[in-house]
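Just the heavy atoms: all of them, side chains too, but no hydrogens, waters or symmetry mates, feed the values below. All ligand and atom numbering here is 1-based and tracks the order in the structure.
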Amino acid sequence: MNKPKNDTFLRALLRQPTEHTPVWLMRQAGRYLPEYCETRRRAGSFMDLCRNPQLATEVTLQPLARFDLDAAILFSDILTVPDAMGLGLYFVEGEGPKFERPLREEWEIRNLTAPDPGVELRYVMDAVAEIRRALGNSVPLIGFSGSPFTLACYMIEGGASDDFRTIKAMLYDRPDLLHHVLEINAGAVTAYLNAQIESGAQAVMIFDTWGGALSQRAYREFSLAYMERIVDGLIREHDGARVPCIVFTKGGGQWLEEIAAIGCDAIGLDWTTDIGAARKRVGDRVALQGNLDPVVLFAQPEKIAQEVRAILDAYGSGSGHIFNLGHGISQFTPPEHVAALVSAVHEHSRKQRQI
Ligand code: CP3
């Protein structure tokens with residue numbers, strides 16, 4: 001077993017005691033860092049950066065060089081999986097991700113197949129292995145994937161959407177077709193995450209960014225049920241260590257008990273849920289990750305520290321909390337404010353443990 005020197009993140013996920021509350025940030029490697037923009041320019045485009053294991057390693061390590069973060073996250077994107085299914089991913093400046101060939105016709109859906117992670121997504125596995133080597137024994141590496149439903153939103157809408165009217169119309173009119181897409185996606189994501197684990201990812205996270213746009217019944221049937229299948233199929237122990245799994249449904253604060261019941265080790269919370277109340281609801285079934293509003297990082301450092309302390313105090317004493325934002329960091333965030341956040345988490349959580 002290759003235990004990281006700083007394994008606070010892995011211990012907190014398993015609700016074991018830690019000396020401080022571990023912290024990492026969703027999208028910690030990204031456009032708010034000038035060095036990221038520089039590497040991206042060298043790569044040519046965002047996808048060229050993702051496809052180059054050396055450069056993906058470089059940007060993964062950039063936030064760790066600046067801040068005292070307790071985990072690294074693979075630099076990649078959730079949409080690499082539908083891209084590998086042949087949908088043709090591309091990015092338009094200011095408009096976000098798009099697909100050249102979104103799923104529209106029944107025959108296209110019937111022809112959909114899961115990619116082989118060792119072939120079409122080899123570049124991701126190479127990046128995972130390379131990042132693990134570069135991290136040495138410093139901090140653990142998180143692997144990730146989109147949820148089957150969130151991937152399907154982009155695959156069917158063809159890009160970002162305000163109202164998800166194409167996928168939701170399919171959900172109500174042709175649930176059989178949507179279930180078919182979700183089944184393929186669930187198989188693809190399970191194989192993809194297991195390949196990441198075998199390549200060296202020490203924890204995995206499922207990003208269900210759009211599950212919260214569904215009604216409760218639809219969430220259960222079209223998002224949660226497929227995440228449960230994935231969790232059931234994950235490798236839970238690798239290299240002599242438990243590989244914890246985090247499920248993050250943005251807007252899922254009302255469904256915590258149901259999410260906890262699918263067998264994940266931790267739930268990611270967005271900023272709209274009180275973390276103390278969430279903890280009471282899930283009890284000792286899962287750890288919690290979150291949940292500072294990313295926009296707090298635009299306030300002054302003293303205010304950031306105050307908001308950090310409020311979240312740590314709301315969670316209370318005892319283990320099982322991983323500090324994070326409630327969603328990805330904004331590209332306009334001042335990097336010095338991230339430093340203020342990280343030191344506030346470490347300082348205040350150490351103090352909490354001395355009481
Ligand atoms: O957290 C990390 O540092 C790891 C890397 C990571 C990225 N995307 C890098 C990225 C992760 C975990 C993701 C997940 C992701 N990608 C999600 C789920 C989480 C969420 O934010 O809700 C989603 C929905 C996507 C799809 C996607 N990719 C979007 C919406 C965008 C932004 C497009 C834009 O122009 O604003 C991307 C691109 C992307 N993924 C960037 C980064 C750093 C910025 C691209 C760039 O450098 O131009």
Just to confirm my output: which protein heavy-atom neighbour is closest to [atom], and how far is it?
atom                    : answer
atom 31 (C) of ligand 1 : Arg27 NH2, 3.7 Å
atom 33 (C) of ligand 1 : Gly96 CA, 3.7 Å
atom 38 (C) of ligand 1 : Phe91 CE2, 3.4 Å
atom 42 (C) of ligand 1 : Phe46 CE1, 3.6 Å
atom 23 (C) of ligand 1 : Ile78 CD1, 3.4 Å
atom 26 (C) of ligand 1 : Asp77 OD2, 3.6 Å
atom 11 (C) of ligand 1 : Phe144 CZ, 3.6 Å
atom 36 (O) of ligand 1 : Arg31 NH2, 2.9 Å

Which of the ligand 1 atoms, numbered from 1, are nearer than 4.0 Å to a heavy atom of [X]:
X      : answer
Tyr36  : 43 (C), 46 (C), 47 (O)
Ser76  : 5 (C), 6 (C), 7 (C), 8 (N), 9 (C)
Tyr154 : 24 (C), 30 (C)
Thr209 : 18 (C), 19 (C), 20 (C), 22 (O), 24 (C)
Leu74  : 4 (C), 5 (C)
His327 : 20 (C), 21 (O), 22 (O)
Gln28  : 1 (O), 2 (C), 3 (O)
Met26  : 1 (O)

- Query: For the residue pair Phe144 and Phe207, is the inter-centroid distance of their aromatic rings smaller than 6.0 Å?
  - Reply: yes
- Query: Is the centre of the Trp210 ring less than 6.0 Å from the centre of the Phe164 ring?
  - Reply: yes
Any side-chain to backbone donor/acceptor pair from [X] onto [Y]? Under 3.5 Å, distance only.
X      : Y      : result
Asp270 : Asn291 : no
Thr190 : Gly233 : no
Asn137 : Pro4   : no

So does [X] pair up with [Y], basic N to acidic O under 4.0 Å?
X      : Y      : value
Asp265 : Arg242 : yes
Arg217 : Glu221 : no
Lys98  : Glu95  : yes
Arg220 : Glu228 : no

- Close N or O approach (Leu79, ligand 1; < 3.5 Å): no
- Pro294 versus Ile329: any side-chain heavy-atom pair under 4.5 Å? no
- Task: With heavy atoms only and a cut-off of under 4.0 Å, state how Arg40 meets ligand 1: side chain, backbone, both or neither.
- Result: side chain
- Answer yes or no on whether Arg31 is positioned over the face of Tyr36, meaning its NZ or CZ is under 6.0 Å from the six-membered ring centre and within 45° of the axis. no
